[in-house]
A.B. asks: 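My questions will all concern the structure given below.
Position 1 is the first residue of the sequence; numbering continues from there.
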Amino acid sequence: MTQPSWDQLGGPLSGAEFRAASDAIVANIEQVIEGKTATVRLALAVLLAEGHLLIEDVPGVGKTKLAKAMARSIDCSVRRIQFTPDLLPSDVTGVSVYNQETHDFEFKPGAVFANLVVGDEINRASPKTQSALLESMEERQVTVDGTTYELQTPFMVIATQNPIEMEGTYPLPEAQRDRFTARIAMGYPDPGAELAMLDVHGTRDPIVALKPVSDAATVRRLIATVREVHVADAVKQYAVNLVTATREAPDLRLGASPRSTLQLLRTARAVAALEGRDYVLPDDLQSLAVPVMAHRIIPTADAQLARRTTDAIIADIVHRLPLPHERQRSPYDTRPPSSDGRAQYDPRRG
């Protein structure tokens, strides 16, 4: 399957249009998710980077709420899959059914044929069913009985899982985890946000009243805008250095894949656009290193015995790796250089 063309995506939006559309989606989701602005913006960045999101946290912190709130904020096709041990691959991809009237087989699309697919408790399904998502997540297509069906644009899988209750679950294989652009944790809200939550959620579920503030056509144009964000050669090299460092780290027996390099850069473009920039900073890569790479690596036995988490290992690599020495100016940046003659990426970051 070829990537969607510019005509299919639509033309890029202006800076003001992009900001208005993205801020509206974030504000709408925050009517349901209290005090998690950074998490909501990262989830939106994954959508605009044409990626997939894995939300992993303990029960009751709003994993499914976030997924459903994002789906309801965009007026496009949405399907929800409750992953259970008896779920079949055909329930996800679809199945060919014999039609007695036409005397031929007729394809019945499965739940994956939607713009946003919400997979709840994905690790409760069998590995055979989990693998039904592999082709759709990577190639944006589904093959059933030798026939390939293309999926719509945008297409995003938002999956949730509980890392605490492991009874009756099937951990996601590395090949599947690597297809998720980012893994995030909701975390507990601060006391103020939890108090506000009691007022909002105490008498009704706000997600029921949530109305769409965007549509699939607008999201496609947001994606087209993100694709135009400039990345300097020095920043690309820094991304490669970050990923290469995971393959050489003594605490890891499996480093990040080349796919993670691509998704790190794509998500950095989306984050830069959401912050009102048309160029990527090394800071963007640093802030995304943990959510984009930590779920793709495997620590050594010694690191596990020392209780070194993958998040901590990635954070240590980011801390130790030097930043690009020569910061290249974006071709869109018309501001004069700083007093020492070097271009500054952003006036807010001395």
A.B. asks: Under the salt bridge (Lys or Arg N to Asp or Glu O under 4.0 Å) test, which residues partner R19, sequence neighbours left out?
C.D. replies: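 R19 satisfies salt bridge (Lys or Arg N to Asp or Glu O under 4.0 Å) with no other residue.
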
A.B. asks: Got a sec, which pairs hit salt bridge (Lys or Arg N to Asp or Glu O under 4.0 Å) with one end in residues 60-87, sequence neighbours left out?
C.D. replies: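 Qualifying pairs, neighbours excluded: K65-D205, R80-D120.
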
A.B. asks: Would T261 and V243 count as a side chain to side chain contact (heavy atoms under 4.5 Å, CB included) here? Give the steps.
C.D. replies: CA-CA 6 Å; T261 315; V243 176; 3.3 Å; yes

A.B. asks: Show every ring pair (Phe, Tyr, Trp, His ring centres under 6.0 Å) that has at least one partner inside residues 14-41, sequence neighbours left out.
C.D. replies: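 Qualifying pairs, neighbours excluded: none.
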
A.B. asks: What residue among I55, V40, D57, V290 forms side chain to side chain contact (heavy atoms under 4.5 Å, CB included) with I184?
C.D. replies: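 With I184 as partner, I55, V40, D57, V290 yield a single side chain to side chain contact (heavy atoms under 4.5 Å, CB included), made by I55.
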
A.B. asks: Among all residues two or more places apart in sequence or in another chain, which pass the side-chain contact (heavy atoms from CB on, under 4.5 Å) test with R253?
C.D. replies: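 Checked R253 against side-chain contact (heavy atoms from CB on, under 4.5 Å); matches are I298, T300.
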
A.B. asks: Would you call R227-E50 a salt bridge at under 4.0 Å N-O?
C.D. replies: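 Looking at E50 together with R227, the answer is yes, because their closest N to O distance falls below 4.0 Å.
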
A.B. asks: Within this structure, what is the CZ-CD1 distance for the pair R266 and I223, rounded to the nearest 0.5 Å?
C.D. replies: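 Separation between the atoms: 11.0 Å.
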
A.B. asks: Among residues two or more places apart or on two chains, list those pairs meeting ring pair (Phe, Tyr, Trp, His ring centres under 6.0 Å) that have a residue in residues 19-65.
C.D. replies: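 Applying ring pair (Phe, Tyr, Trp, His ring centres under 6.0 Å) to every pair that reaches into residues 19-65, excluding sequence neighbours, yields H52-F155.
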
A.B. asks: Using the test side chain to side chain donor-acceptor pair (under 3.5 Å), find all partners of Q286 that sit at least two apart in sequence or belong to another chain.
C.D. replies: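 Residues passing side chain to side chain donor-acceptor pair (under 3.5 Å) with Q286: Y238.
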
A.B. asks: Enter the distance from E106:CD to N99:CG here, rounded to the nearest 0.5 Å.
C.D. replies: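 Here the rounded value is 5.0 Å.
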
A.B. asks: Using distance only, find each side-chain donor-acceptor pair of residues 206-213 under 3.5 Å and give its atom names and separation, not counting sequence neighbours.
C.D. replies:
none

A.B. asks: Identify, with sequence neighbours excluded, every residue that meets side chain to side chain donor-acceptor pair (under 3.5 Å) alongside R269.
C.D. replies: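 For R269, no residue satisfies side chain to side chain donor-acceptor pair (under 3.5 Å) once neighbours in sequence are set aside.
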
A.B. asks: Nearest 0.5 Å, what's the CG-OG distance between L116 and S73?
C.D. replies: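 So the gap between those two atoms works out to 10.0 Å.
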
A.B. asks: Does any pair with a residue in residues 172-195 pass ring pair (Phe, Tyr, Trp, His ring centres under 6.0 Å), and if so which ones, sequence neighbours excluded?
C.D. replies: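 Residue pairs with at least one partner in residues 172-195: there are none.
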
A.B. asks: Using salt bridge (Lys or Arg N to Asp or Glu O under 4.0 Å) as the criterion, list what pairs up with D302, not counting sequence neighbours.
C.D. replies: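 Salt bridge (Lys or Arg N to Asp or Glu O under 4.0 Å) check on D302 returns nothing, list empty.
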
A.B. asks: Not counting sequence neighbours, which residues clear side-chain contact (heavy atoms from CB on, under 4.5 Å) with A193? List them please.
C.D. replies: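 Expected list: E34, P189, D190.
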
A.B. asks: Among residues two or more places apart or on two chains, list those pairs meeting ring pair (Phe, Tyr, Trp, His ring centres under 6.0 Å) that have a residue in residues 118-151.
C.D. replies: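 Qualifying pairs, neighbours excluded: F107-Y149.
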
